[in-house]
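Sequence positions, counted from 1, serve as the residue numbers for this chain.
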Amino acid sequence: QNAVERPFRFDENVYLWMFDSLFDGGNLADTLNSFIDCVTKMITQNTTSLSFPLGDMIVELHNLTLTNFGSVYEFGLLLPEIDHYHLKNRVGYGKDTVLSFGMRVTHPHGRIGKMNIEVNIQNLELSAGTGLKYDMNYLPNLEVTDLVAHSKCFALPVTNFEYYDFNMTIDSIELTIDASLDNGNGAQTKAFSYKTSDPTELANIATAIMSDGAVQLQHVLERSTIVGLKDQSNVCETPPNPHRIYNSKHPTETAAGVWTLLVVVVFVVINSWLFMKGFKSDEPDGAPTYNEQNFNLTEPLLHIHNESRNSSQDEMDEVMEVETHPHKFPLSSSTSLMYHPSINNTLKYGFPVVLALTIVLLLSSNLSIGASVDLQVTKSNGQSLTSLINIYQFSLKSTLGEMWRAGVYMLMLLIWFCSGVWPYVK
């Protein structure tokens with residue numbers, strides 16, 4: 001473990017050199033293009049149409065045409081760069097590649113319209129880099145039983161890794177649309193056409209979106225790789241390389257669940273403390289204490305005439321004690337503000353009515369449609385080409401059902417409690 005680190009050098013390895021000669025040459029791009037052309041030919045010949053629901057609408061795709069889809073012009077895998085320990089992957093695709101198809105959209109109330117779409121792309125480039133140091137001096141420490149039982153134990157000698165330069169760019173996107181729309185009122189069908197005036201402008205938008213997605217992918221890979229490397233200690237008997245470091249600037253794993261639990265616990269504790277603190281005994285401030293109230297009265301409370309003193313002497317000589325009210329539980333009626341004698345009857349009975357109306361509003365919001373997504377096509381001058389078409393509706397019930405089907409149970413329970421239970425309990 002105290003030996004000097006001797007990382008594996010990618011640029012001097014004979015096996016990597018053989019891999020480069022086999023997979024990074026010009027012939028591989030031609031082979032890939034032939035394979036892509038074969039697949040696209042089978043797809044276009046065997047697929048005549050494809051339909052799928054979109055909210056209340058049915059979308060049908062037909063006349064699918066793929067032109068020059070086998071247009072890979074650069075394909076490089078595991079290319080050494082920067083130093084001995086960095087590998088770059090590059091893929092270049094798209095030389096007058098054209099995708100065209102027709103689309104029909106129908107609604108339960110009738111056909112909405114149809115359109116023909118054609119997309120032409122130029123020079124789609126993907127790049128990704130990996131930095132890795134694999135300590136060759138640590139190989140003798142590996143247990144054979146670990147390597148046979150768990151393949152991830154082969155990564156124990158890794159001392160450093162990083163992902164870098166994840167990026168996706170495109171030079172040109174040309175979009176052409178020919179459509180005819182029915183406004184649903186029995187009027188004449190309206191047609192319009194659109195063609196991209198500047199293909200680079202649309203390409204810049206797509207590049208910005210794809211580049212951000214590539215960066216997010218890089219972050220996800222970093223976190224998952226760190227979690228995988230740390231998980232080795234749970235399944236491998238061989239300890240990881242003591243020289244291991246991580247260059248990732250992002251957290252190894254999300255702590256959303258822990259923070260959520262912490263916030264809930266703090267919320268419950270604070271509210272419980274305020275709840276108990278706000279309810280005290282029924283005596284007002286400044287009332288005598290329990291010890292002060294349990295004293296003996298040896299003198300009469302009132303000065304009475306001599307003629308009546310003898311007749312009431314027995315009563316006045318009795319030991320009198322002041323009755324004290326026990327402390328009430330916060331939910332008992334005697335501590336309710338509603339029944340305090342200083343509260344007017346209008347407020348006493350009007351406020352619960354307001355609370356009941358609030359519950360009715362909450363029920364209305366939870367049982368009805370919360371939001372909807374509607375489609376309406378208009379010209380640039382604001383003239384409507386279609387009537388308002390509903391695509392999707394949101395409600396508490398539909399949201400919980402979709403989250404259940406998607407498997408996001410924690411978020412589903414959180415929404416169910418915060419929106420469906422807590423407002424009424426509160």
Side-chain angles (χ1 to χ4, degrees), residues 152 212 215-236 240 244-285 290 325-340 343 347 351-371 394-426:
K152 63 175 63 178
D212 184 70
V215 173
Q216 296 299 323
L217 175 62
Q218 177 180 335
H219 296 167
V220 170
L221 289 177
E222 286 178 350
R223 289 193 291 266
S224 61
T225 303
I226 292 177
V227 172
L229 291 176
K230 289 187 174 182
D231 186 55
Q232 294 169 353
S233 59
N234 298 328
V235 297
C236 305
R244 176 178 293 178
I245 58 174
Y246 304 111
N247 286 345
S248 173
K249 299 180 181 179
H250 304 277
T252 59
E253 52 190 288
T254 58
V258 177
W259 280 108
T260 302
L261 180 61
L262 179 61
V263 170
V264 170
V265 171
V266 172
F267 175 79
V268 172
V269 170
I270 292 179
N271 278 273
S272 301
W273 176 73
L274 292 175
F275 180 75
M276 300 304 296
K277 183 176 183 296
F279 292 95
K280 298 179 180 179
S281 61
D282 290 341
E283 294 83 12
D285 293 340
Y290 181 80
H325 296 284
H327 290 257
K328 300 291 186 180
F329 186 74
L331 293 181
S332 63
S333 61
S334 64
T335 61
S336 173
L337 183 62
M338 179 178 176
Y339 294 101
H340 196 279
I343 300 299
L347 289 177
F351 196 78
V353 172
V354 174
L355 293 181
L357 294 177
T358 304
I359 292 179
V360 173
L361 291 177
L362 291 172
L363 286 172
S364 174
S365 66
N366 288 340
L367 299 178
S368 61
I369 298 172
F394 297 90
S395 65
L396 179 62
K397 180 181 177 181
S398 65
T399 301
L400 295 177
E402 291 178 0
M403 290 185 174
W404 175 268
R405 290 188 292 271
V408 284
Y409 305 116
M410 185 65 186
L411 186 57
M412 184 208 68
L413 292 175
L414 186 64
I415 293 180
W416 170 77
F417 177 77
C418 294
S419 297
V421 177
W422 174 248
Y424 304 97
V425 175
K426 177 184 175 183

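Once rounded to the nearest 0.5 Å, the distance linking CG of Leu414 with CE of Met403 reads 9.0 Å. The CG atom of Leu217 sits 11.5 Å away from the CG atom of Asp212 when rounded to the nearest 0.5 Å. Here CD1 of Ile359 is found 11.5 Å from CG of Asn366. Values are rounded to the nearest 0.5 Å. Taking NZ of Lys397 as the start and OG of Ser368 as the end, the distance is 13.0 Å to the nearest 0.5 Å. In this structure, the separation between CG on Leu363 and OG1 on Thr358 is 11.0 Å, given to the nearest 0.5 Å.
Among residues two or more places apart in sequence or in another chain, the ring pair (Phe, Tyr, Trp, His ring centres under 6.0 Å) test is passed with Phe394 by Tyr392. Here Ser419 pairs with Leu396, Ile415 under the side-chain contact (heavy atoms from CB on, under 4.5 Å) rule; sequence neighbours left out. Listed by chain and number, the residues in a ring pair (Phe, Tyr, Trp, His ring centres under 6.0 Å) with Trp416 amount to none (sequence neighbours excluded).
Of all non-hydrogen atoms in Leu221 and Ser224, the two that sit nearest each other are O-OG, 3.0 Å. Contact detail for Pro423 and Cys418: the closest heavy-atom pair is CD-O, 3.1 Å. Here the closest non-hydrogen pair linking Met412 and Leu400 is O-CD2, 3.5 Å.
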- Message: Under the criterion side-chain contact (heavy atoms from CB on, under 4.5 Å), I'd like the reasoning laid out for Phe351 against Ile343: C-alpha separation, chi angles, the key distance, then a yes or no.
- Response: CA-CA 11 Å; Phe351 196 78; Ile343 300 299; over 6 Å; no
